[in-house]
Amino acid sequence: MTDLSKYDYAGLTQLKKEIETELVRRKEQEKKQLLSDIEARAAESGFSLAELLALAASGKKGAGAKKTVGAAQFANPANPEQTWTGRGRKPQWVLDYIASHGEDLSGLRI
């Protein structure tokens, strides 16, 4: 370890700048080395890095990811094509049924 007590304020400030510069340089150096290692490992296994990244990207959820839709639990008696999973906001036909029949949705269950 370096004895920092021997530095004055200006010396510490200069040392801080040098350390920050070196940290940035080393981070970039380590990223390049890691990328090289990963590419070599992928090649040993018969893959390209692009193939692996495409696979990783396809398995992630986020913007553009397809949502899973639950199975329909309720159907509109007047129009059986209108269904509802029971999750999320109630469709208007469910609200109308509740208004006329009360909260019991058993008459709508598929």
Side-chain angles (χ1 to χ4, degrees):
M1 295 271 309
T2 303
D3 182 14
L4 299 177
S5 64
K6 65 181 180 178
Y7 291 94
D8 63 358
Y9 181 77
L12 286 171
T13 303
Q14 181 60 36
L15 184 60
K16 179 182 175 189
K17 288 178 186 176
E18 290 172 13
I19 289 172
E20 289 173 351
T21 301
E22 185 64 16
L23 284 170
V24 169
R25 188 187 72 74
R26 294 234 185 135
K27 182 178 181 180
E28 290 303 312
Q29 182 182 15
E30 288 194 26
K31 286 193 303 187
K32 287 177 183 177
Q33 183 60 49
L34 181 58
L35 179 59
S36 177
D37 294 347
I38 292 170
E39 287 174 332
R41 177 73 174 102
E44 287 172 10
S45 299
F47 301 106
S48 71
L49 184 57
E51 285 178 293
L52 298 177
L53 292 175
L55 178 64
S58 69
K60 290 183 179 179
K61 290 190 176 188
K66 293 183 180 179
K67 294 182 181 180
T68 58
V69 178
Q73 300 293 316
F74 304 96
N76 184 351
N79 181 358
E81 291 182 14
Q82 292 180 325
T83 59
W84 179 51
T85 63
R87 292 188 272 165
R89 188 173 160 194
K90 293 178 181 75
Q92 186 60 49
W93 60 266
V94 173
L95 296 174
D96 294 342
Y97 182 88
I98 290 171
S100 62
H101 295 89
E103 291 288 327
D104 182 23
L105 298 178
S106 61
L108 299 177
R109 191 159 297 275
I110 296 176

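The basis for the numbers below is simple: all heavy atoms, side chains too, and nothing from hydrogens, waters or symmetry mates.
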Note to self: Tell me the closest heavy-atom pair linking Ala75 and Pro80, and the distance in Å.
What the structure shows: CB-O, 4.2 Å

Next item on the list: Answer yes or no: is there a side-chain heavy-atom contact under 4.5 Å between Asn79 and Trp93?
Entry: no

Note to self: Any carboxylate oxygen within less than 4.0 angstrom of a Lys/Arg side-chain nitrogen, looking at Lys17 and Glu20?
What the structure shows: no

Notebook entry, point to check: Can you name the closest pair of heavy atoms from Glu39 and Leu49 and give their distance?
Noted result: CG-CD2, 3.6 Å

Notebook entry, point to check: Do you know the tightest heavy-atom contact between Tyr97 and Gly107?
Noted result: OH-CA, 3.4 Å

Margin query: Can you confirm whether Arg25 is buried at CZ, in the sense that more than 12 heavy atoms of other residues, nucleotides or ligands lie under 6.0 Å from that atom?
Written below: yes

Check: Which pair of heavy atoms, one from Ser48 and one from Ala42, lies closest together, and at what distance?
Finding: C-CB, 4.4 Å

Notebook entry, point to check: Roughly how far, to the nearest 0.5 Å, is CD of Gln92 from CG of Asn76?
Noted result: 11.0 Å

Next item on the list: Say whether Ser45 and Arg41, considering side chains only, have a donor N or O and an acceptor N or O under 3.5 Å apart.
Entry: yes

Next item on the list: Could you check if a side-chain atom of Thr2 sits within less than 4.5 angstrom of a side-chain atom of Tyr7, using non-hydrogen atoms only?
Entry: yes

Check: Which atom names give the shortest non-hydrogen contact between Arg109 and Phe74, and what distance separates them?
Finding: NH2-CZ, 3.4 Å

Next item on the list: Work out which heavy atom in Leu108 is nearest to a heavy atom in Pro77; give both atom names and the distance.
Entry: CD2-CD, 3.3 Å

Next item on the list: Answer with yes or no whether the hydrophobic clustering places Leu4 together with Ile19; edges join I, L, V, M, F, W, Y residues whose side-chain heavy atoms lie under 4.5 Å apart.
Entry: yes

Notebook entry, point to check: Do Ile98 and Lys90 have side-chain heavy atoms sitting under 4.5 Å apart?
Noted result: yes

Solution key, residues 30-38 side-chain donor-acceptor pairs under 3.5 Å, sequence neighbours excluded:
| residue | atom | partner | partner atom | Å |
| --- | --- | --- | --- | --- |
| Lys31 | NZ | Glu28 | OE2 | 3.0 |
| Gln33 | NE2 | Asp37 | OD1 | 2.8 |

